[in-house]
Amino acid sequence: MASNKRLGRDFYLRDVLEVAPELLLKTLVMADGKGAMARYVITETEAYRGPEDKACHASKGRTNRTEVMYHDGGRLYVYLVYGIHWMLNIVTGPSENPQAALIRSVKDFTGPGRVTRALGIDRSFNGEDLVSSARIWIEDSGIATGYKTSERIGIDYAGEYWKTRPWRYYL
DNA sequence: TCAGTGATTAGG
DNA sequence: CTAATCACTGAG
């Protein structure tokens with residue numbers, strides 16, 4: 001029987017290159033506070049890894065915006081891009097080690113901006129802790145899987161090396 | 001193919 | 001204060 005159990009801190013404390021692919025097929029759960037829960041299976045992620053990664057916001061240093069990425073893994077990093085779209089990221093790794101996994105798609109909602117629109121994610125979720133939050137968390141479906149990889153999308157500015165890292169993971 | 005949109009950042 | 005940039009999307 002599938003475990004349907006909330007993932008604990010240890011899951012998120014590992015390197016983003018381990019966590020990002022393992023998020024595939026896990027279930028993102030949203031509770032509305034009135035007893036209703038919506039469940040979304042994660043189908044596409046990307047890894048952003050440390051100050052050296054020119055595509056990672058932490059490559060520009062520690063700022064108010066990037067502060068949450070310096071926390072222990074398990075927090076959410078939510079920011080607005082192009083003035084329109086909220087991006088949902090899961091902070092990974094130990095503290096002082098800025099990394100995050102971008103949730104690009106869940107089942108039925110393809111594209112990071114569409115995911116947050118469908119789920120009602122906005123800046124109020126920035127910093128939320130998936131390990132203790134009453135309104136959002138991730139459950140282990142107990143299903144193992146294979147996956148594909150590719151270059152990350154939308155980071156042409158990062159230069160040839162970082163642009164070509166195969167850090168996008170999808171089913 | 002390309003405009004929209006506004007938070008964030010660097011710089012004067 | 002100004003100006004540039006942007007981990008995207010939908011319309012045409």
Non-neighbouring partners of [X] that pass ring pair (Phe, Tyr, Trp, His ring centres under 6.0 Å), sequence neighbours left out:
{"X": "Tyr79(A)", "result": "His57(A), Tyr77(A)"}
{"X": "Tyr48(A)", "result": "none"}
{"X": "Tyr157(A)", "result": "none"}

Please output the side-chain donor-acceptor pairs of residues 27-36 of chain A that fall under 3.5 Å, not counting sequence neighbours, one pair per line with the distance.
| residue | atom | partner | partner atom | Å |
| --- | --- | --- | --- | --- |
| Asp32(A) | OD1 | Lys34(A) | N | 2.7 |
| Asp32(A) | OD1 | Gly35(A) | N | 3.4 |
| Asp32(A) | OD1 | Ala36(A) | N | 3.1 |

I want to confirm an ordering. Mapping Asn64(A) and His85(A) to their closest nucleotides on DNA chain B, which one lands closer to the 5' end?
His85(A)
Which nucleotide of DNA chain C is the first, and which the last, in the 5' to 3' direction, to come under 4.0 Å of a heavy atom belonging to chain A?
dC6(C) to dG10(C)
With the side chain counted from C-beta on, respond yes when Leu17(A) and Tyr169(A) share a heavy-atom pair under 4.5 Å apart, and no when they do not.
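Yes. Closest side-chain heavy atoms under 4.5 Å.
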Chain A contact limits on DNA chain B, taken 5' to 3' with a cut-off of 4.0 angstrom to heavy atoms
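So the outermost contacting nucleotides come out as dG4(B) to dA10(B).
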Could you note down all residue pairs passing salt bridge (charged side-chain N to carboxylate O under 4.0 Å, His left out) where [range] supplies at least one of them, sequence neighbours left out?
{"range": "residues 80-93 of chain A", "value": "none"}
{"range": "residues 67-81 of chain A", "value": "Arg62(A)-Glu67(A)"}
{"range": "residues 6-29 of chain A", "value": "Arg9(A)-Asp129(A), Arg14(A)-Glu18(A), Arg14(A)-Glu22(A), Asp15(A)-Arg49(A), Lys26(A)-Asp140(A)"}

Considering every strand and a 4.0 Å limit on heavy-atom distances, what is the contact class for [X]: base, sugar-phosphate, or nothing?
{"X": "Ile155(A)", "answer": "sugar-phosphate"}
{"X": "Arg168(A)", "answer": "nothing"}
{"X": "Arg152(A)", "answer": "nothing"}

Separation between CD1 of Ile136(A) and CD1 of Ile121(A), rounded to the nearest 0.5 Å
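If I round to the nearest 0.5 Å, the distance is 4.0 Å.
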Separation of Trp137(A) CH2 from Met37(A) CE (nearest 0.5 Å):
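One gets 5.5 Å once the value is rounded to the nearest 0.5 Å.
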With sequence neighbours excluded, residues passing side chain to side chain contact (heavy atoms under 4.5 Å, CB included) with Thr164(A):
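Listed in chain order: Glu151(A), Glu160(A).
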Wobble G-U and Watson-Crick pairs count when both distances are under 3.5 Å; given that, what is the 5' to 3' dot-bracket string of DNA chain C, with | for pairing to other strands?
||||||.||||.
Assess Arg117(A) against Phe109(A): is NZ or CZ under 6.0 Å from the centre of the six-membered ring, and within 45 degrees of the ring's axis?
no
Where along residues 49-63 of chain A does a heavy atom fall under 4.0 Å from DNA chain B?
Lys60(A), Thr63(A)
Salt bridge check, Glu46(A) against Arg152(A): does any charged N sit closer than 4.0 Å to a carboxylate O?
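Answer for the salt bridge query: no.
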